[in-house]
Amino acid sequence: MTTSSSTGLTAPGRATRRRLGRGADPLVGKCLIALGSAAALGSTFLSWTWTTAFPGDLTVTGYPGGNQLITLFLSILTLLALGPALLPGGVPGTRWIAPRGSVRLLRSLSLANAASTGYVVVAIAWELGGVANYVAGTWIAGASVLLPVLGAWLLPEDDHEPAPARPTPRWAQIVVVFVVVMLGLLVTDFGVTTGFSEEFIGFCLGAGFAGRGLAASGLFDRFSALTAANRVATGWAVFAAAVSFVFLQSSDAYTSVADNILIFATVALGLNIVVGLAGLLDLGYVAFLGVGAYTAALVSGTAASRYAHVVLPFWAQALIGVAVSVLAGLLIGAPTLRLRGDYLAIVTLGFGEIFRITMNNLDGQSGPQVTNGAEGEYGIPDLRLFGYDFGRPHTVLGHTLGRFGNYYLLLVLVIALVIFIFARVNDSRIGRAWAAIREDETAAEAMGVHGYRFKLLAFGLGAGLAGLAGTIQGHLTSTVTPDQYTFSSSAPPNSAFLLAAVVLGGMGTISGPLLGASLLFLIPDKLQFFHNKQLLLFGIALIVMMRLRPEGLVPDKRRRLEFHERETAAEEAYEELVVDELDRSDGLDELEAEARA
Amino acid sequence: MSVTVLLQLVENGLVLGAMYGLIAVGYTMVYGTIQLINFAHGEIFMLGGFGALTVYAWIPGVAHLPLFAALPLMLLGGVVVAVAAAVGAERLAYRPLRTAPRLAPLITAIGLSLALQQVVSLWYRLPGGGNAKAPVAFPSFGGKAFDLGGVLVQRADLFTVIAAAVCMAGLAWFVARTRSGRAMQATAQDPDTARLMGIDPDRMIVVAFAVGAALAAVAALTQGLRYGQISFDMGFVAGLKAFTAAVLGGIGNVRGAMLGGIVLGLAEELSSGILAHFRDTAQYGQAWADVWAFVLLILVLLLRPQGLLGERVADRA
Amino acid sequence: MSTQPANPPGPVSGTAPGSEPILQARGVTMRFGGLTAVDGVDLDVAGGEIVGLIGPNGAGKTTFFNCLTGLYPPTAGSITFRGQRLAPKPYRVAEAGISRTFQNIRLFPNMTALENVMVGRHCRTREGLLSAIGRGPRYRAAEREARQTARELLSFLDLDRHASAIARSLPYGDQRKLEIARAMASDPGLLLLDEPAAGMNPRETLALRETIFKIRQRGLSVVVIEHDMRFIFNLCDRLVVLARGRKLTEGRPDEVRADERVIATYLGTAPAAAPGTAEQEASDAR
Amino acid sequence: MFQRSLAVLGAVAGVCGLATACGSRSQSAHTASGSGGGATVVKIGLDAPLTGGLQALGLGMQYSAQLAVDLANKQQAVPGVTFQLVAKDDQASASIGEQNAAAYVADPGVAGVVGPLNSAVAQSMQSVFNQANLVDVSSASTNPSLTQGPNWKTAKTRAYPSFFRDITTDAVQGPFAADYVFKTLGIHSVATVDDGQTYGVGLVETFSAEFKKLGGQIALAQTATANTTDYSSVISAVKSSGAKLVYYGGEYPAGAPLSKELKAAGLNIPEMGGDGNQDPTYIKTAGPASNGDFATVPGAPLAALPSAKDFIAQYQAAHFPAPYAIYGGTSYDAAESIILSVKAALAQDGGKMPAGDAFRSQVEKAEQAVSFDGATGPVAFDQYGDVGSKVITMYKIENGAWDQGVYSGAFAG
């Protein structure tokens, strides 16, 4: 029985943890942090190596660049977090940063800085061949990021319950939400637009540790309380941030990456309705994306289409694409959803194969000419909506939006729609029915929930949303071929990646698949050396996640409870009885089964 | 279409079906004991093939033996690798999840399947420095096929059929006559009572995984001998087909798995062979064979979800 | 066929037992392979009546319940509720107005108490996908109504303090009550309780009896399976005794108590089936 | 208190914004301050599957193009210009390829791109390249519609003015094989099998059309899924069709078992395939029965070409971590053609690099006019962007090995 993630065990562990600096003067610690961070901050304005061979050009003295930006940002954050601890009562205006005490935040931030900067320092020596490539700045940076780590561990724990947030006027809350979301945008933008793997690794190290620290300091909790109180404003803030991403880009180089992430994330969200909300394992989900893409492509007027003379406006293409996808979903779901879940998994896997093979065979040789076979539908024209040609650059608010920028805005709208549907349906009679079916289908049916109908609904809805994404994807890539829609391949989206995004991100949540999809897309995209091993690592990640953290990185509360049901149940004696009885009722189900046979 | 051609198709179907059946037994046995569809079983089959190839390619001297003499060694290698992988997967991946919600072991199985494929593709090496990213050659029988009145029976076919028959007979003996076999049956029927009777269900589950893996290794050997090559991704489609066979025969039923395999093999060969034979339908032949197989699966689930020899039907949950 | 009421204990004489039966089960038979778990059982329940279903272990009581609620399609026989023949589908039965609890608590363990009850309200609401997305005034009214009903039921069963607690974290007795609240959320005409007192202490059992009377006052009929003899004899208007899948006898509690066959097959052979203990009935069919 | 916090927050946001704004010096730098000593840096892109199943081919393309760039820099092919190869991995995925194309277009330093390998990837990249007039020279995608438009069989039209390729299309390989079978081998009845993929279907289509034109008979046409190894139903159909040769469109992992099973079923007829079949593993898998099988490969045999000797020697001297593989020669030539176009474009403007889009259009114009003797033979593009030379070589398996190429010739078709 796994114990590592049960929350009950970490508390005593934390209490007995040996403290390095017991008895040491906290002032020394604070000084070390201040000194180290200030030095690290300063070092970013120096050059870190003398050759431009290291990616990001760290040879410039005068202003920071590349990985130095991460160090700069983390150093500022560390200094800021030192605020509440510095004076008795804290430096005015900085106490908000750590409602639950700043020491754990300081530790995480200093670790983040040490990991990220230290990684660069090591990488310079590693990639360029030895410490001969170090200059004064490198030594300063490398040494100064270690000091805060030492200092932070000299400080005594100050973990306490956060004081209740002061009542603040509504407008101020909204301003804070907007500012924080925009900060998040800047951080995300930095991550997406990192130009080379060293920068991306540094970013991930920094963001990972810093994120943990902010969570431990209670700032995240406070912020989520703020967003919970201002849900509409938060929604608009996130939307505005997502839209403004495209205005931060000077070219299409990273907008095209963002487009692919958005499509991947949209489909992952759709899959999360099926897997996360309704608890149905669909292993051929990418086929519905393909159904949408093919349908839209066939009536888009591409010369490769059999129906090249049929040119429908995009809204009609999207409608038909969604309708055909839903139909496909219902056709697959109808016979199999009556059976137990395992069968569904394998039948959907088979369906994915059937789809691919069929699209391949409808080439006029192995079957009627419809899809142009393996060559696929190519030359799909760019989208046009209300006279807006997505293929041409447009100037909006003084900023030139390229082809991918146009699609980006459309995709943001689509994913917003999917999130909207996801959230509303989950928080409704239907969402409750899905949860009930997931937890105990027999009981749910006895309470009047038509299990089959609601499973079919989830399946159809999921298929339709994937189909909608597909209609856009076809136009975006301008080529639709059968081998884009396989169970597993090295590039997303494919069914295995989609499932991984949902499982790693968090089943049943909105931000989980978004995070999962972004990471699964960015990691291989940014780290070239990772390409060959990504499927292996995703496979291992699925196994490890199921073992240690089956609820995903961003867990849904109910899901977490479900996955850890047995662990927590062990603490409650009476549960034993219930488990025993349940086992016996399984026996009954079998008898029932025989009766049917 | 002459009778000879038809008989040849039947022969092909029987051989293909025997291979499906051998793999399907693994699905069925594991499902029978712990109600888990072991998605990674296709990869266990693939590992069996690579285990056998490793013995042939890497152990000095084996490649120089006549193939019939090398076969037992290769079989041993395949079985050892497949069983080790299956038992390892059970211990490390599935057992900790025995009480988890159903989705957890299923997702684990998919992860395992991806990982095992990639391990072979990334790190398997042939003596000459070749890798397994593309299909690799497998030794095969030389010599002419046996001609039975126009119906050709390949040496590999003969091996497949004999191996399948021996395996099934052995399995029947094992289940009916040995202590472990009977204990396994008991565990499958009622794990709680079996536990009360002093049977260790964990051991029985391991036995189910191991026996299934051993048979899959035999199947992998027949696959290699017949087509002259094996590849890291051959477990995916083979696993899907074998699962179809297991459902066809009635999942949980060992004899049903073999019957389902043979029915599926015959259906596949006859449908694509007959279609390929006539000019008007030739285009719907081999290219659609997999589609017909999956359509068959869906039809079976629709019309007779308990399978041909099924004893249990899907429960409601 | 005796549908005459016994002297109803407690302050319930105001309701009208003895009127037209709302449930009519005729010749209900359930076979599992060679085993006949329920064999031609008839049962009538009148509006506002409390009927007890008793019998030794393996008598087929729960199987009979499962047949009534559509969990098992009966091999033979018919079940009519309020004049309509019931389709053997659990959700249809719930819609028709029969609701139940389970022998082993089958709450939705990771949903809150309120959500559990709101799921029980499911078949009385009609909002589909589009209205859930659009959230028009009708949807909001329906959702508000469902929430209110659920809250009202929680307070009816004295569970309001648990409304936002996860069902699994409730004390055992409260879980039993929550199951009843969930079952009542679908506005049933007939409530089937499968061993509601199992695992309860005498005080809780007593409170449960009062609760069931209160439920009856809301106009519901109740059928109870129970092993706690003292509890059931003091609760029910009428008792039906099952043995080996057949109906042995039925009648007022005092009649049944006096019936020699009952004593012989049930009380006589199983004196150890002491009332009030958390008896675990082995699955009926075995 | 709260307002103060807000101010701090704002300050942090400001600093971050500032830091981001002055960052990224590596991307915009046009002039390298390092080794080139103030020389202009011109980038050449290379897009290919550098990982995954096609890795071997992709890496061969990358290193061959790298060789061309290194040699140009060493020989100062374009005075004052340092070339730099920017390789991107498309993982054989159309959407990733398109994303890479966008990244190349967004980088003003990129003058042209070599690749990709897969035709489907090339299709998705072209609309992006074409809009920016960025030259793309494919050294491996052989689907005719890329250059000659979707209706290439009936009405050829140039699809993308910025797209070129220096490898012969499938439209030539198939007819060449048909010609050889009908005239040289004297076989008039053939069964065709393809793997359902673009390459295989294209080969078989063009083969069949030419074969029928010559008066031959296609006794049977079958498609088998790409990863199949079981051909028993196909073979029994071939057997009764009476065909004297099987023409296979596809790659060796599926082509070799076909040959093996054909012979095992007592059909002693040769299998002929395209360059996808010409691999040593084909012989290993199919066994001794494969003796007498054929395969065509576009271009003259590289090892035998005097023009390629230099390339092969240089490649081996550079000690790249992977062999140049099938498309090494064409990739080397493709990179070379872009280097020459850059030179021509610069020469036009008196050695100065024209600003922005004008530069790319000039390179595109120069590319159309390029003409030189490359490793694989003369390189010059026709009005569709296809290479003029149409040499194909026929290889045969003799004594368990591919021979040196039994017949080599240009197909006029």
Side-chain angles (χ1 to χ4, degrees), chain B residues 1-2 4-6 8-9 11-13 15-16 19 121 128 130-131 133-145 147 152 154-157 223 226-231 233-234 236-237 265 268-279 282-291, chain D residues 51-57 191-197 200-201 218-241 251-261 263-268 276 279-290:
Chain B
M1 181 162 223
S2 69
T4 328
V5 173
L6 209 59
Q8 182 71 59
L9 288 176
E11 192 266 346
N12 294 337
V15 176
L16 190 66
M19 199 188 80
S121 147
N131 58 33
K133 286 190 200 310
V136 293
F138 197 85
S140 49
F141 290 107
K144 282 187 87 89
D147 191 339
L152 289 179
Q154 309 294 334
R155 278 152 200 258
D157 294 1
Q223 155 106 7
R226 196 151 186 253
Y227 306 121
Q229 68 181 22
I230 55 175
S231 68
D233 57 357
M234 71 182 185
F236 179 68
V237 173
E268 211 179 303
E269 287 292 330
L270 286 174
S271 64
S272 62
I274 293 174
L275 286 173
H277 206 80
F278 297 105
R279 247 200 132 70
Q283 53 180 349
Y284 296 105
Q286 176 67 38
W288 294 84
D290 288 357
V291 175
Chain D
T51 55
L54 296 168
Q55 185 183 22
L57 301 179
T192 64
V193 180
D194 65 67
D195 65 352
Q197 303 300 301
V201 171
I218 302 294
L220 178 82
Q222 278 282 290
T223 301
T225 39
N227 52 3
T228 196
T229 45
D230 183 56
Y231 288 101
S232 32
S233 56
V234 171
I235 285 168
S236 68
V238 170
K239 215 170 174 178
S240 28
S241 76
E251 280 153 16
Y252 69 88
L258 174 62
S259 172
K260 176 183 160 66
E261 291 168 49
K263 273 70 170 204
L267 270 171
N268 272 318
D279 190 285
T281 315
Y282 178 91
I283 303 170
K284 248 192 252 166
T285 301
S290 63

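Hydrogens, waters and symmetry mates are skipped; everything else that's a heavy atom, side chains included, is used. Within every chain, numbering begins at 1; the chains are lettered A, B, ... in the order of the sequence lines, protein sequences first and strands thereafter.
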Which atoms of [X] approach chain D - backbone, side chain, both or neither, heavy atom under 4.5 Å:
{"X": "B:Leu16", "result": "side chain"}
{"X": "B:Ala134", "result": "side chain"}
{"X": "B:Arg155", "result": "neither"}

message = Please identify, among D:Ser236, D:Pro288, D:Ala56, D:Ala256, the residue contributing the most non-hydrogen atom pairs under 4.5 Å to chain B.
response = D:Ser236
query = Looking at D:Ser241, D:Ala265, D:Gly287, D:Ala221, which has the largest count of heavy-atom pairs under 4.5 Å with chain B?
reply = D:Ala265
Where is the tightest heavy-atom contact between [X] and [Y], given as atom of each residue plus distance?
{"X": "D:Ser232", "Y": "B:Arg226", "answer": "OG-NH2, 4.4 Å"}
{"X": "D:Thr285", "Y": "B:Ala137", "answer": "OG1-CB, 3.7 Å"}
{"X": "D:Ala264", "Y": "B:Gln154", "answer": "O-NE2, 3.0 Å"}
{"X": "D:Leu220", "Y": "B:Ala276", "answer": "CD1-O, 3.8 Å"}
{"X": "B:Leu9", "Y": "D:Ser233", "answer": "CD2-CA, 4.1 Å"}
{"X": "B:Gln229", "Y": "D:Pro253", "answer": "NE2-O, 2.6 Å"}

task = Side-chain contact test, heavy atoms from C-beta onward, threshold under 4.5 Å: evaluate it for D:Thr229 versus B:Met234 and give yes or no.
result = no
Flag side-chain contact, heavy atom, 4.5 Å: D:Lys260 against B:Tyr227 = no
query = What is the distance from atom CG of B:Asn12 to atom CG of D:Asp230, rounded to the nearest 0.5 Å?
reply = 7.0 Å
key: Reported NE2-to-OG distance for the pair B:His277 and D:Ser240, which is rounded to 0.5 angstrom   = 3.5 Å
inquiry  = Please enumerate all residues that pass side-chain contact (heavy atoms from CB on, under 4.5 Å) together with B:Asp290, with sequence neighbours excluded.
reply    = A:Ile357, B:Val237, B:Lys241, B:Glu268, B:Phe294, D:Thr225
Select one option (side chain, backbone, both, neither) describing which atoms of [X] are under 4.5 Å from chain B's heavy atoms.
{"X": "D:Thr281", "result": "side chain"}
{"X": "D:Lys284", "result": "both"}
{"X": "D:Lys239", "result": "side chain"}
{"X": "D:Gln55", "result": "side chain"}

ask   = Sub-3.5 Å donor-acceptor pair from the side chain of B:Gln286 to the main-chain atoms of D:Tyr231, do we have one?
value = no
